[in-house]
K.L.:
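Right, I'll just put the structure down here and ask away after.
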2 protein chains.
Amino acid sequence: MSVPRRGRPAGPTGPVIGRALRLLDAFDAQRRELTLSELARRADMPLSTAHRLMQELCAWGAVERGTDGLYRIGLRLWELGSLAPRGPGLREAALPFLEDLSQITKENVQLAVREGTEVVFVERIAGSGAVPVLTRVGGRFALTATGVGLVLLAHAPAEVQEEVLNGPIDRYTAKTVTDPVQLRRMLADTRSNGFSVSDRQVTMDSLSVGAPIRDRHGVVIAAVSLVVRHGSTTPHALARLVRTSAQAISRALSA
Amino acid sequence: MSVPRRGRPAGPTGPVIGRALRLLDAFDAQRRELTLSELARRADMPLSTAHRLMQELCAWGAVERGTDGLYRIGLRLWELGSLAPRGPGLREAALPFLEDLSQITKENVQLAVREGTEVVFVERIAGSGAVPVLTRVGGRFALTATGVGLVLLAHAPAEVQEEVLNGPIDRYTAKTVTDPVQLRRMLADTRSNGFSVSDRQVTMDSLSVGAPIRDRHGVVIAAVSLVVRHGSTTPHALARLVRTSAQAISRALSA
DNA sequence: CTAAGGGCTTCCATTTTCCGGAAACAGCGC
DNA sequence: GCGCTGTTTCCGGAAAATGGAAGCCCTTAG
């Protein structure tokens, strides 16, 4: 009396949009092209579900599918992303100043904003022959370790600070500060000095100094930093340059 | 006997993802910040529906909501967009060559790819004192009018060419070519010459010359163009420069 | 002070869309 | 042929989506 069972009694899954976005999240800098199976695996969902969702995303142009069957992020999404105010807008306004900084110091220059409890790197200019750094434009990092991160954390809402300081704090080197009490002191210093210093906290041969960029209301919305080889200069010499540059960018943004 | 009717009998709507993407589409270069009501209006859906969908998008970081209640495109979307291979990757590889071209000519330089039956501008360098152009990075335009558009159309799959040539063809000036027969001839010329010429087809004081950028297999994936004031130079003088630049970019991409 | 208007948020009965196992399909190497 | 891997289609059942209505919070007007 029973028809040959088709489909599945359907269990609690969650909002569709969430699952679609999980699929998009499967893409990253290392994996810009994925097969359907890889997508399904990485997003942890059945193949047929992934297939249907990807079809819809494809139809709209959020993702594209090559003749080889691989999925890639589509131009439509790039266009949309170009409309994000903090990323591209800030980036364009700051670029000339970052280039000045790069010209003068020949070191690595970084521009970043805070997203939740992480740093997102918006622009990065590699100094000729400077220390290699781990970061990538569009990439993320913990707020507690880098020069830009410390600046952004120091000026973040109290609840964000608490969440970060009470949560587990990633360690990258032997010098990474993971003690909440010590971190609080560093944040206070960052606020009173107007710049942050991250000494060998990310890699053992690098030091970075960051300064805050403010909008017209004085709210900190981004941070610049110089990343140099540890021991090549004193933090204070860099701080002057970075602060000046950050202030110039802040003024340019308010105009 | 009837309880005070709540909710609505629900009518046929369509896939959720489509509606969510329609909401995102409501953002454009002019309107980077929208209220919920504007979003609902532009995406043509009930307020409560828009509200629920935006909440989900917000939760993931696709959009952000300021303290003022306005919605903006979120950083997460910008990050994702940065992973699109055609946009950013091509852009970075081509940028040095475009700057050379801009330095030499002091004119407007444009880099574009095809998306469906439209041109998408990936990069644009404004020449100092050159003719003002209408286009914007991330913007779209018809394939039939611009220098880059003609190149991309000339090398598009036959079905795309037919769709464009048989469909309605937008007119921008008195000189815009809208006759399919004449356009076919122009496309044939573009292919045999290795460059396209758009003479006063977009505005009455501009002329643009475009050339194809190819991947390692020889497939045309993008186009460069110079846009100059009409009458300031002959197309052939520009063609040499643009073709050389396009070939250099093609080689850089294959490496 | 009350009223009116604009925008935002929550609620919930209805039903539409989504879910995903299974089975068929398409390559490829052996 | 057979097995293997990755992709596509199918469809009954169930969860998630839907959107009027009502409640909120403002600011402006009377």
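We name chains A, B, ... by the order of the sequence lines, and we start the count at 1 in each one.
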K.L.:
Measure from CD1 on B/Ile17 to C1' on C/dT16 and round the result to the nearest Å.
P.N.:
15 Å
K.L.:
For residues 138-161 of chain A, which residue pairs pass the ring-ring contact (aromatic ring centres under 6.0 Å, His included) check, not counting sequence neighbours?
P.N.:
A/Phe141-A/Tyr172
K.L.:
Enter the inter-axis angle for the ends of the helix from C/dC1-D/dG30 to C/dC30-D/dG1 (five pairs per end, rounded to 10°).
P.N.:
30°
K.L.:
Ignoring backbone atoms, establish whether A/Thr13 has a side-chain N or O less than 4.0 Å from OP1 or OP2 of C/dC18.
P.N.:
no
K.L.:
Would a distance-only check, ignoring hydrogens and angles, find a side-chain to backbone donor-acceptor pair under 3.5 Å from A/Thr35 to A/Leu70?
P.N.:
no
K.L.:
Hey, what are the protein-to-nucleotides 7-9 of chain C N/O distances that come in under 3.5 Å?
P.N.:
{"unit_1": "C/dC8", "atom_1": "OP1", "unit_2": "B/Leu36", "atom_2": "N", "d": "3.3"}
{"unit_1": "C/dC8", "atom_1": "OP2", "unit_2": "B/Ser37", "atom_2": "N", "d": "2.8"}
{"unit_1": "C/dC8", "atom_1": "OP2", "unit_2": "B/Ser37", "atom_2": "OG", "d": "2.2"}
{"unit_1": "C/dT9", "atom_1": "OP1", "unit_2": "B/Arg65", "atom_2": "NH1", "d": "2.9"}
{"unit_1": "C/dT9", "atom_1": "OP2", "unit_2": "B/His51", "atom_2": "NE2", "d": "3.2"}
{"unit_1": "C/dT9", "atom_1": "OP2", "unit_2": "B/Arg65", "atom_2": "NH1", "d": "2.9"}
{"unit_1": "C/dT9", "atom_1": "OP2", "unit_2": "B/Arg65", "atom_2": "NH2", "d": "3.3"}
{"unit_1": "C/dT9", "atom_1": "O5'", "unit_2": "B/His51", "atom_2": "NE2", "d": "3.4"}

K.L.:
Whole Å only: how far is the CE atom of A/Met54 from the P atom of D/dT8?
P.N.:
11 Å
K.L.:
Round to a whole Å and report the spacing from CZ of A/Arg52 to C1' of D/dC10.
P.N.:
12 Å
K.L.:
Go through the structure and list residues passing salt bridge (charged side-chain N to carboxylate O under 4.0 Å, His left out) with B/Glu33, not counting sequence neighbours.
P.N.:
B/Arg72
K.L.:
Once side-chain hydrogen bond (donor to acceptor under 3.5 Å, both in side chains) is applied, do any residues pair with A/Arg124, and if so which ones, sequence neighbours excluded?
P.N.:
none
K.L.:
Check whether A/Arg243 reaches the backbone of A/Gly210 with its side chain - one donor and one acceptor, N or O, closer than 3.5 Å.
P.N.:
no
K.L.:
Can you tell me how far P of C/dC18 sits from CG of A/Leu23, to the nearest Å?
P.N.:
14 Å
K.L.:
Within less than 4.0 Å of OP1 or OP2 of C/dC19, is there a side-chain N or O belonging to A/Thr49?
P.N.:
no
K.L.:
Figure out the CG/P separation between B/Leu39 and C/dG6, and round it to whole Å.
P.N.:
19 Å
K.L.:
Is there a side-chain contact between A/Arg19 and the phosphate of C/dT17, meaning an N or O under 4.0 Å from OP1 or OP2?
P.N.:
no
K.L.:
Grab the CG-P distance between A/Leu57 and C/dC18 for me, whole Å please.
P.N.:
12 Å
K.L.:
I'd like to know if the side chain of A/Arg114 reaches the main chain of A/Val120, judged simply by a donor and an acceptor atom lying under 3.5 Å from each other, with no hydrogens or angles considered.
P.N.:
no
K.L.:
I'd like to know if the side chain of A/Arg140 reaches the main chain of A/Val119, judged simply by a donor and an acceptor atom lying under 3.5 Å from each other, with no hydrogens or angles considered.
P.N.:
no
K.L.:
Quickly work out the A/Leu34 CG to D/dG6 P distance and round it to whole Å.
P.N.:
13 Å
K.L.:
For the side chain of B/Gln161 and the backbone of B/Ala154, is there at least one donor-acceptor N/O pair under 3.5 Å apart?
P.N.:
yes
K.L.:
Send over the distance from A/Arg22 CZ to C/dC19 P, rounded to a whole Å.
P.N.:
10 Å
K.L.:
Without placing hydrogens or testing angles, list every side-chain donor-acceptor pair under 3.5 Å for residues 245-255 of chain B, not counting sequence neighbours.
P.N.:
{"unit_1": "B/Ser250", "atom_1": "OG", "unit_2": "B/Arg214", "atom_2": "N", "d": "3.0"}
{"unit_1": "B/Ser250", "atom_1": "OG", "unit_2": "B/Ala246", "atom_2": "O", "d": "2.8"}
{"unit_1": "B/Ser254", "atom_1": "OG", "unit_2": "B/Ser250", "atom_2": "O", "d": "3.1"}

